[in-house]
Each structure stands twice: as structure tokens, then as C-alpha cells.
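Here is the naming used below: chain letters follow the sequence lines, and residue numbers restart at 1 for every chain.
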Number of protein chains: 2
Amino acid sequence: MPSSKLRGPIEHDTRTNTARSPAPVPDCDPVLRLMWVKGNTYRAAVADALGLSKSVVSETVQSLIRAGLVAEVGLGESSGGRRPVILNFQYGARCVLGVDVGATHVAVALTDLRGRVMEWRELSHPVRTDPVGTRRLILRLCDDCLAEWRGGFERLIGIGIAVPSPVDPAHPDWLSEAVIPDWQGRSDLERLHRRYGVPVFIDNDANLGALAEKSWGGGVDADNFLFVKLGRGIGAGVVIGGEVYRGANGVAGEIGHVPIDPNGQRCTCGLRGCLGTVVGSAALALRVRALLGEYADSALADQALSALAIAQAAAKGDALGIRVVHETAEVLAAGLSGYVHLMNPEMIIIGGGLARAGEALLGPMREAVRRSALVRSVSPVTCIVSQLGRQAVAVGAATLGLLKWLSTVSRTHNPTMTKP
Amino acid sequence: MPSSKLRGPIEHDTRTNTARSPAPVPDCDPVLRLMWVKGNTYRAAVADALGLSKSVVSETVQSLIRAGLVAEVGLGESSGGRRPVILNFQYGARCVLGVDVGATHVAVALTDLRGRVMEWRELSHPVRTDPVGTRRLILRLCDDCLAEWRGGFERLIGIGIAVPSPVDPAHPDWLSEAVIPDWQGRSDLERLHRRYGVPVFIDNDANLGALAEKSWGGGVDADNFLFVKLGRGIGAGVVIGGEVYRGANGVAGEIGHVPIDPNGQRCTCGLRGCLGTVVGSAALALRVRALLGEYADSALADQALSALAIAQAAAKGDALGIRVVHETAEVLAAGLSGYVHLMNPEMIIIGGGLARAGEALLGPMREAVRRSALVRSVSPVTCIVSQLGRQAVAVGAATLGLLKWLSTVSRTHNPTMTKP
DNA sequence: AAGACTTTGTTCGGTTACAGAACAAAGTAC
DNA sequence: GTACTTTGTTCTGTAACCGAACAAAGTCTT
């Protein structure tokens with residue numbers, strides 16, 4: 001029976017933009033989507049949930065079974081009549097590659113159709129200064145992953161690439177020369193396409209981290225949130241209405257240049273006191289060194305001061321680490337306050353190396369956000385740490401390829417469906 | 001011939017979020033939408049533009065003609081063959097009421113299907129303290145408008161109401177007691193529904209101002225912008241992807257509590273230095289009085305210091321007015337900088353009384369916004385003033401009712417279509 | 001001026017996606 | 001054992017759409 005929603009005479013424009021989608025929602029056949037989300041069900045339940053007739057569901061499921069994406073795996077419990085045939089989504093039927101090209105490292109994740117990382121390769125590499133070697137390394141890591149996974153080559157459906165640079169939607173294979181000059185604007189990643197014969201998609205790393213969290217992490221139930229990547233550089237991915245939002249020119253999420261202190265240090269952009277000059281890993285390292293005198297016994301005394309190292313020190317209770325992380329949380333919360341008031345997001349997810357600080361970062365941040373949102377009784381912005389951790393960006397890249405593929409799968413005409 | 005877009009092997013997730021919709025886009029029959037947007041065309045052009053077959057367009061147009069929404073008005077020029085039958089959208093076939101309930105005034109606009117104001121009533125009234133009288137006044141002004149317009153009562157298709165308070169999507173007829181305590185949370189506006197027998201919709205005033213600008217004003221070609229209402233209070237309507245965005249809890253656009261100065265004046269919310277404490281009309285009046293000594297010959301010397309009055313003084317070249325408006329622009333731009341970097345909007349539209357200052361406000365604001373967005377070569381945020389002026393909110397309210405009605409009109413089953 | 005071609009608009013099958021009924025299969029409840 | 005339920009398949013009907021055929025009304029060329 002369809003749940004007939006009663007509506008009073010006075011109506012509102014639209015309902016709130018919260019949680020309309022209970023999971024990652026690719027634009028594809030509704031039956032496929034539901035089965036992909038739920039994992040296992042049976043035909044009658046699908047028909048009921050989607051309001052479709054049993055005939056349509058029956059036929060669609062047939063086609064999905066033929067494609068190897070769904071399998072009948074036995075009978076369920078009776079609820080007073082014939083026992084249902086349990087259908088199981090075959091998440092392992094295909095795989096996707098996600099490549100995370102950072103400033104100083106390359107990581108590759110091979111995931112199944114559920115975004116689970118089946119193979120993982122990660123190496124430090126001077127990406128900025130060595131385009132040729134980086135490209136070779138990417139191919140090697142991809143080959144490694146595919147070789148390791150049974151049938152990897154044949155089952156591959158797509159590749160996603162995350163780059164530490166804004167991506168121009170009109171020319172996705174160009175890179176911003178401002179960020180990594182030695183690449184001279186050319187990613188030349190289409191050789192991946194030539195090598196593996198599958199579609200290749202490129203996007204910014206923060207956007208893909210946000211996509212990963214929306215799809216498989218802490219943002220699964222949220223449709224409006226911010227993913228903040230605090231690492232060597234800082235960036236943000238904006239999720240609006242369940243989708244990654246890119247803004248008018250494709251450069252939304254430029255959190256690094258949100259102004260904090262008009263009297264602050266000069267930023268590479270020419271302004272003073274950008275958020276990036278305060279919470280970037282270089283700034284954090286400086287701050288740690290400046291304070292080392294006060295904290296003689298700090299574990300940070302003689303370390304390479306990456307965001308990760310500082311975060312780990314804080315997580316272990318190091319007083320200096322905690323202090324610096326605490327300061328960072330305050331600044332970050334202040335910088336995001338305007339965004340929170342204007343966009344009323346459900347949550348803020350922190351990723352990147354500094355996220356490893358965990359509660360040492362989240363505690364003060366929650367406190368600061370709560371303080372700045374007193375009036376609005378309705379602003380319980382949840383602050384959490386990335387659930388996917390260091391793999392977030394690579395998994396997001398893979399998810400990009402995955403979602404694109406799902407949206408091409410159709411019951412009737414059937415592009416990649418019959419590959420293996 | 002369909003324009004076959006060529007795509008290279010490397011692809012991007014989504015194109016930029018810019019200008020996908022060239023006009024207000026209700027969720028309705030595509031033929032109806034196109035004809036409504038274009039005003040006059042002919043059948044072949046519609047079929048061509050929408051990629052539909054001539055048969056479908058022909059039948060749909062038939063039905064629209066029967067409903068009185070479209071009329072054949074003669075023949076167009078031949079382009080080498082049979083002359084086309086020109087079709088004209090009958091914008092006057094129906095009307096909508098938009099009610100702007102402010103803190104100290106009530107305004108009612110009766111618009112046609114193009115959002116043009118055919119009748120307009122506006123009165124000052126102590127809305128905050130007199131709920132009963134306000135309700136009576138609203139009914140009177142609505143009656144007036146309908147009586148004045150030929151066939152107003154019969155052609156009415158809906159009513160939109162703008163209230164100076166956040167609107168809870170779950171209970172649109174409740175008002176926030178925090179904003180107007182004397183109304184005790186009850187709008188009781190459903191009597192409008194009972195009286196006129198048409199659907200009534202309620203939303204926040206800034207949201208509806210944004211909707212008006214998106215539909216008929218400076219935002220027609222923009223899909224991502226901010227409408228900032230600078231009047232007695234300040235508020236903002238956020239447009240994302242061509243639609244008014246309400247956030248996770250329906251309170252997006254709370255620009256009044258964006259933090260500006262941690263050492264500033266205490267706000268009603270308990271915090272210090274909220275934007276509202278600096279650019280609200282009360283704060284502006286204080287600032288003017290404080291500076292009056294330096295500007296003895298100012299036209300603002302003995303006036304009621306509303307935002308409108310200050311704006312008009314500035315527009316006329318009054319030095320004090322210009323100074324205060326200039327300061328306001330600086331503060332506003334600073335407060336919006338974070339939003340601009342994170343959301344990469346196309347434009348910012350200023351409405352409310354202070355918008356009357358025109359270039360005196362926009363000049364410094366453009367300059368400040370430009371300064372804060374140096375890096376992103378791709379951030380040409382356009383700053384303009386509301387094209388609909390004082391009528392923006394009421395027109396937005398009417399537009400809300402209009403769009404809701406359009407979305408119910410269907411070629412086949414046909415709810416309100418056959419009313420008159 | 002006559003025929004050839006163009007463009008507009010209507011009408012009439014044919015296709016597709018879906019809903020709904022009929023039915024078969026397999027269970028529960030009394 | 002009979003009556004009722006639930007699941008799943010198959011078949012038929014229907015609504016929305018496309019494309020072809022055609023009629024109407026032009027322009028253009030020779």
C-alpha cells in the first residue's frame with residue numbers, strides 16, 4: 001500500500017534538504033540501484049520498495065543475473081506464504097582502480113563494487129618534480145593491483161584519478177600549473193585509458209575524499225556536509241544534496257584562502273592571514289618549533305614535522321601536539337563559522353594527516369562550532385573524522401569510476417555489462 | 001540535428017554547476033515550460049528545441065490552447081516553406097497573490113504568470129505586536145488586489161506568503177517565537193486557504209527574495225548565487241543549482257550571525273561581533289549618530305534613520321551616508337569571503353532598503369570581493385543590486401505559488417487547468 | 001508560370017516501458 | 001485437507017513517445 005502522505009492546507013516550498021538519499025545514489029536503473037545499496041533482498045521486496053510492478057522487477061533481475069551482477073543464493077523465511085528467493089548483489093563481479101596522486105606520494109586502490117579496498121599500494125615519490133617517473137609509477141602500481149586480484153584485468157570497469165589541483169571541467173586532463181609547475185599543465189594520463197581500455201575520470205583530491213565519505217564513510221546518511229582535508233595543503237570538498245558540488249567555475253572548496261586574520265602572515269595568494277597559512281602543515285611545523293622551548297620533553301622535539309606526525313603526537317597525549325592541534329581546531333572552526341551559518345550543513349568531516357589526532361582535534365572543534373551556533377537551536381553540526389582515513393581519496397577516485405559505470409548500466413541496452 | 005558532443009578519453013565527474021537553466025525552471029511538462037519561458041514561438045521550434053517529435057508537441061499545444069494558456073495569434077515569416085502559426089503564452093490567463101509580511105509593514109502583489117506585478121498594495125503596520133490586525137489587513141489587501149483586476153477571483157491559482165522568520169519545513173504554518181513573540185508561533189494563515197480556495201505556501205522572506213531574483217531578476221542566468229537582504233534585519237537566500245537551498249535543517253542563509261569581529265558588540269544570540277550587529281539598520285543608525293558630529297551638514301542630521309533613508313542619502317551623494325555605506329560594504333564583503341571561497345558562487349545580489357544605495361554600496365563591495373579572491377583567476381563574482389527592489393519579496397512569494405501550480409499542470413490529467 | 005523543393009503541422013501506425021490480471025508455485029493456519 | 005498468503009512468471013493492455021506518411025502553404029529555379 002502506498003503511504004499516502006497527508007498534507008495540510010498550508011504548504012511549504014520544499015522540504016528540508018536532509019537525508020533524502022540513504023546511500024550513494026548513482027543515476028541508474030532504480031532496481032539496480034536498490035539492489036546495489038541493499039546487497040541482498042528478494043524480488044517482491046524490491047517491487048514494493050520502488051513501487052514498481054512485479055513484472056518489471058522480474059525482468060530487470062533476470063538481466064542483472066545474466067550480467068553476473070546478481071545471483072540467487074537460496075530461499076528466505078516465509079512470512080505466511082511462499083518463501084522468497086534471496087538475491088545477492090555480486091560486489092566482486094567487477095573492480096575499479098582509484099589513483100591518489102599527492103604532492104609527495106602515489107597510492108592506488110583496487111576496489112570492488114561496494115568500494116571495499118581489495119588491493120592497496122602506496123609509495124612516497126617526488127611527484128611535483130618528476131612527472132615522467134610518476135606516470136611510470138602509477139602504471140606499475142595499477143598493474144600490481146590488477147595482477148594480484150583474480151581476474152583483475154578482465155573485470156576492470158573504470159579508473160578514477162585524484163590530483164592535488166583544481167580540475168577544469170572543460171579540460172579535465174589539464175593540471176593547474178600554479179600547483180605543480182613541472183607537469184606543465186599536462187597530466188598525460190590518457191595513457192591509462194589506452195593501456196586498460198576503460199574510461200578514466202579525473203577530479204580534485206578533496207572532492208574525491210568527499211565523494212568517498214558520502215558513499216562509504218561518515219557521510220552516508222548526510223546529504224549536505226563538508227569534507228576538509230588537512231594535510232600538506234588544505235582543501236575541502238563540498239557535498240550538497242548528496243552530490244559533490246563544484247560551484248560556478250569548478251573551484252568550490254577553496255578553503256585554503258578563507259580569511260582568518262587580516263594581520264596574519266602573507267599567503268602565496270598575496271593576501272594576509274588565509275586559513276592555509278595557519279593550518280597548513282608548514283605553518284604547523286613552524287608553530288611547533290616556536291613552542292618547542294616551552295615543551296622540552298615533547299615527542300616532537302626531533303621529528304620530521306608532518307601533519308601526520310603532529311597528529312599522532314597529539315593522539316598519544318603529547319602536550320605540545322595537543323596544544324597545536326587545539327589551536328588549529330579553534331582557527332578552523334572560526335573559519336568555517338560563516339559557511340555553517342549560510343549553508344546549514346549536517347556535518348563536517350575532517351580528513352588528511354591531521355585527522356589522525358582524533359578527539360584531540362574534534363573536541364575543541366565541536367566546542368567552538370557549538371559556541372558559534374548558539375541561536376539556531378537547529379544547528380547540531382556533527383564533527384567527525386574521516387572513516388576511510390588515508391585511503392579516502394583513492395577510494396573516492398575509484399568510486400568516481402564506479403558511479404560512472406553504474407549509470408551506464410541499463411536493463412535494455414547494455415554497454416559494459418556483458419564484458420567478462 | 002542533435003549536437004553530438006565529442007568527449008575525449010579522459011573525463012571529468014560533472015561539468016561545472018553554472019547556468020544549466022536559462023530561466024526559472026519549474027518541474028512540469030517540458031512543452032509547457034518552454035512556451036512559458038519563451039512567451040511566443042511556434043510548434044516546429046518547440047519540437048526542435050526539446051528534441052521531441054512534432055506529434056507530441058502538436059497534441060500538447062492543443063491541450064494548452066484548450067486550457068486557455070496558449071493562443072494562436074497569426075502567422076510568422078516563412079523561412080523557405082510554409083509559414084509557422086505563432087503561439088502566444090497567455091500570461092494573463094491566471095493570477096497569483098504574493099504577500100510580504102515584514103516586521104513593520106505588509107505588502108501584497110498580484111502577479112500574472114510572468115511574475116509581472118499587476119496590482120500592488122503596501123501599508124506600514126505594527127506586525128510584530130498586532131497579529132489579529134495584521135491578519136485582517138492581509139485579507140483586505142488581497143481582496144483589494146483581486147477586486148481591482150478583471151476576473152481576479154476566478155483566475156487566482158495560488159498564494160505565497162513571505163514571513164520574516166525561519167520556516168520549519170515540517171510545520172510551515174508555525175512561526176519562530178524568537179522572532180515575533182506576540183504571534184505565539186501561530187501564523188493562522190490557513191484562513192487564506194479557506195477564503196480563496198487555492199493552495200497557500202509559506203516561506204522565509206530572504207528565500208523568496210532569492211526566488212524572485214532567480215526567476216525574474218538579476219539571477220535569471222545564474223544557478224548559484226546569494227541574495228542578501230539588508231533592511232531592518234539581515235538575511236540571505238541561497239540559490240544552488242538553480243533552486244533555493246534550505247540546508248539540513250531549513251535554516252540556511254543565517255547571514256546575520258556570521259562572525260565578523262570577536263571583540264565586537266554583543267548580539268542577541270549571545271555572541272560578539274555578528275554581522276547583524278554591524279550592518280543591521282539599528283547598528284547603521286547608531287553609527288550615523290556617532291559620526292554626525294563630523295558631518296554637520298549631512299542630510300541625515302534629522303531623519304528617521306532607516307536603512308532606506310541612509311541608502312538614499314548615500315545615493316544622493318551625502319558624505320556621511322556614503323561613508324557608512326562604504327563601511328558596510330567592507331564588512332559585508334569580509335563576512336562573505338569564506339562563503340565565496342567555499343561555494344564559488346556566480347553572483348551576490350543585494351536587496352532590502354540598503355540596496356537603494358546602488359553604486360555607493362556596490363563599488364566598495366566589488367573592490368573588497370575582488371581583493372579577497374586574487375588567486376582564483378576563475379572567481380569573477382558579480383555584485384549587483386536587486387532588480388525587483390522593494391517588490392522582490394512579495395513577487396517571490398507569488399512566484400512560489402506560481403511554480404507550484406505550473407508543476408501540477410499536466411497535458412493528460414489536468415487539475416486546476418480547467419478552472420475558469 | 002510550372003514544377004521542384006522546403007517548411008509547418010496533423011494523423012496514423014509501431015515501439016517501449018510499465019501496470020495489472022491471471023496463473024503457477026510454495027508456503028501457513030485452522 | 002481446505003482456505004488463505006505470499007512469491008514469482010507470463011501475458012495482455014495502456015500511455016507516451018517516435019517516425020512515416022500526408023496535407024497545407026510557402027519559396028526557388030528554369
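- Residue pairs meeting the salt bridge (charged side-chain N to carboxylate O under 4.0 Å, His left out) criterion with at least one partner in residues 77-90 of chain B, sequence neighbours excluded, are absent.
- In terms of position on DNA chain D, the residue among A/G81 and A/S58 whose nearest nucleotide sits closer to the 5' end is A/G81.
- Legend: residues meeting side-chain contact (heavy atoms from CB on, under 4.5 Å) with A/R150, ordered by chain and number and at least two apart, are A/R155.
- Taking the side-chain contact (heavy atoms from CB on, under 4.5 Å) definition, one finds that A/S53 meets it with A/S55, A/V56, sequence neighbours left out.
- Toward the 5′ end of DNA chain C lies the nearest nucleotide of A/L52, the other residue of the pair A/L75 and A/L52 mapping further downstream.
- DNA chain C forms stems at C:1-30 with D:1-30, each a run of 3 or more consecutive Watson-Crick or G-U wobble pairs whose two key distances fall under 3.5 Å.
- Counting to the nearest Å, the P atom of D/dT7 and the CD1 atom of A/I86 are 10 Å from each other.
- Residue B/G51 is in sugar-phosphate contact alone, with no base atom involved, counting any heavy-atom pair closer than 4.0 Å across all strands shown.
- Listed by chain and number, the residues in a side-chain contact (heavy atoms from CB on, under 4.5 Å) with A/A44 are A/Y42 (sequence neighbours excluded).
- For B/S55 against D/dG19, a side-chain-to-base donor-acceptor contact under 3.5 Å is present.
- B/V57 comes within contact range of no nucleotide atom at all, as no heavy-atom separation falls under 4.0 Å.
- The separation between A/D48 atom CG and D/dT5 atom P is 16 Å, rounded to whole Å.
- For C/dG9, neither phosphate oxygen OP1 nor OP2 lies less than 4.0 angstrom from any side-chain nitrogen or oxygen of B/Q62.
- In the set D/dT9, D/dC18, D/dT7, D/dT9 carries the atom at the smallest distance from any side-chain atom of A/R43.
- Checked for salt-bridge contact, B/R94 and B/E154 miss the test: no charged N lies under 4.0 Å from a carboxylate O.
- Candidate nucleotides C/dT8, C/dG20, D/dC18 were compared by shortest atom distance to the side chain of B/V56, and D/dC18 ranks first.
- In this structure, the nucleotide among D/dG8, D/dC18, C/dG9 sitting nearest to the side chain of B/K54 is C/dG9.
- Contact check, A/Y42 against D/dT7: a side-chain N or O comes under 4.0 Å of OP1 or OP2.
- The nucleotide whose nearest atom lies closest to any side-chain atom of B/R82 is, among C/dT7, D/dC11, C/dC18, C/dT7.
- In this view, A/T41 and A/M35, A/K38, A/A45, A/V46 satisfy the side-chain contact (heavy atoms from CB on, under 4.5 Å) rule, not counting sequence neighbours.
- With hydrogens and angles left out, the side-chain atoms of B/N207 and B/Y245 include no donor and acceptor closer than 3.5 Å.
- Side-chain nitrogen and oxygen atoms of A/S53 include at least one within less than 4.0 Å of the OP1 or OP2 phosphate oxygen of C/dA19.
- In the set D/dT27, D/dG8, C/dG9, C/dG9 carries the atom at the smallest distance from any side-chain atom of B/A44.
- What separates CD of B/E77 from P of D/dG26 is a distance of 11 Å, to the nearest Å.
- A/E59 has its CD atom 15 Å from the P atom of C/dG20, to the nearest Å.
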